[in-house]
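Take a look at the structure below.
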Amino acid sequence: MVLSILGFLAVLYTQFILPIISRKESDRFNPAHTGDRYDLVVDESTRFAQFTIGCKTGNIATRCNAISEDQLIFQIKKAKDSEDYSITVLRNGPTFYKPPRMEIYHKMESKEIFDSYEIIGHPVEFRISDKIVKERMANFIEIALNSSFYFNKLGKERMRFTFTVGKIQPGINRKVRLRGDIYAFGKEEENEDSE
């Protein structure tokens with residue numbers, strides 16, 4: 001009886017539970033794609049949230065060898081009695097920054113601080129890479145952050161922050177996997193298959 005129960009549990013685990021777990025983990029090993037979106041709502045009890053972008057770790061794991069771990073760290077603090085937020089952005093690698101309502105990217109020297117109302121309808125954009133040559137980035141990943149309001153299940157208006165992966169220049173070569181399940185910048189070879 002005990003052996004049959006153990007056998008049943010082993011079959012249940014290998015046939016149903018393990019495939020679900022491995023599928024979730026395999027998504028973590030895919031490099032970032034243009035258009036990937038990540039939503040963040042700050043918990044009302046702690047009034048603080050942190051969102052990170054890195055190579056293999058963080059909320060956005062780009063899986064690109066040119067991106068360092070915790071290259072961008074967003075610290076979002078909620079005001080006590082309102083839906084006003086202060087956003088602090090820390091950088092740990094070469095980063096360009098385009099403030100809301102601006103057209104030109106600037107080199108991010110240290111941390112940047114702005115308020116949530118500034119990015120409603122006007123996203124703030126970041127370009128991240130491993131190097132800046134002559135005040136330009138040849139290879140980069142763009143990340144945009146904007147905010148919007150929505151109604152939660154209790155009918156209360158809350159603010160949601162949306163991080164979007166924008167342009168990836170020149171792309172991530174998904175056919176050549178490097179050690180540690182990461183990829184390098186390169187021309188994407190997907191179009192050659194369709195020719």
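Every heavy atom of this structure was used, including side-chain atoms; hydrogens, water molecules and symmetry mates were not.
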Do I73 and Q50 have side chains that approach each other closer than 4.5 Å (heavy atoms only, starting at C-beta)? yes

Determine whether V89 and L145 make a side-chain contact, defined as any pair of heavy atoms from C-beta on separated by less than 4.5 Å. no

Of all heavy-atom pairs linking T95 and R91, the shortest is OG1-CB, 3.9 Å

Between Y85, Y38, F149, which is the residue that forms a ring-ring contact (aromatic ring centres under 6.0 Å, His included) with F161? Y85

Student check: side-chain heavy atoms of Q169 and S129 closer than 4.5 Å: no

Heavy atoms, side chains only, cut-off 4.5 Å: are N139 and P170 in contact? yes

Partner of E83 under salt bridge (Lys or Arg N to Asp or Glu O under 4.0 Å), picked from K78, R47, K156, is K78

Answer yes or no: is there a side-chain heavy-atom contact under 4.5 Å between Y183 and N173? no

Decide, yes or no, whether a salt bridge links E103 with K98 under the criterion of side-chain N to carboxylate O below 4.0 Å. no

Is there a path of hydrophobic side-chain contacts, each under 4.5 Å between heavy atoms of I/L/V/M/F/W/Y residues, joining I53 to I182? no

Check the angle between the aromatic planes of F51 and F163 and answer parallel, tilted or perpendicular using the 30° and 60° thresholds. parallel

I'd like to know if F74 and L40 are part of one continuous hydrophobic network [Ile/Leu/Val/Met/Phe/Trp/Tyr, side-chain heavy atoms within less than 4.5 Å]. yes

Is the number of heavy atoms from other residues, nucleotides or ligands within 6.0 Å of CZ (R160) greater than 12? yes

Surrounding CG of L6 (heavy atoms of other residues, nucleotides or ligands, distance under 6.0 Å), is the total greater than 12? yes

Mind checking whether Q71 and P94 have side chains closer than 4.5 Å, heavy atoms only? yes

Could you grab the distance from atom CE of M108 to atom CG of L72, nearest 0.5 Å is fine? 6.0 Å

Nearest non-hydrogen partners of N92 and S68, listed with the distance: O-OG, 3.5 Å

For the student: nearest non-hydrogen atoms of F48 and V42, plus distance: N-CG1, 3.5 Å

Decide yes or no for R174 and H33: does some side-chain heavy atom of the first lie under 4.5 Å from some side-chain heavy atom of the second? yes

Closest approach of E142 to E125 (non-hydrogen atoms, all atoms of both residues): OE1-OE1, 4.3 Å

In sequence, state the C-alpha distance, the side-chain angles, and the governing distance for F140 and F96, and then conclude on ring pair (Phe, Tyr, Trp, His ring centres under 6.0 Å). CA-CA 10 Å; F140 57 83; F96 279 141; 8.6 Å; no

Just wondering, do V41 and R158 contact through their side chains at under 4.5 Å, heavy atoms? yes

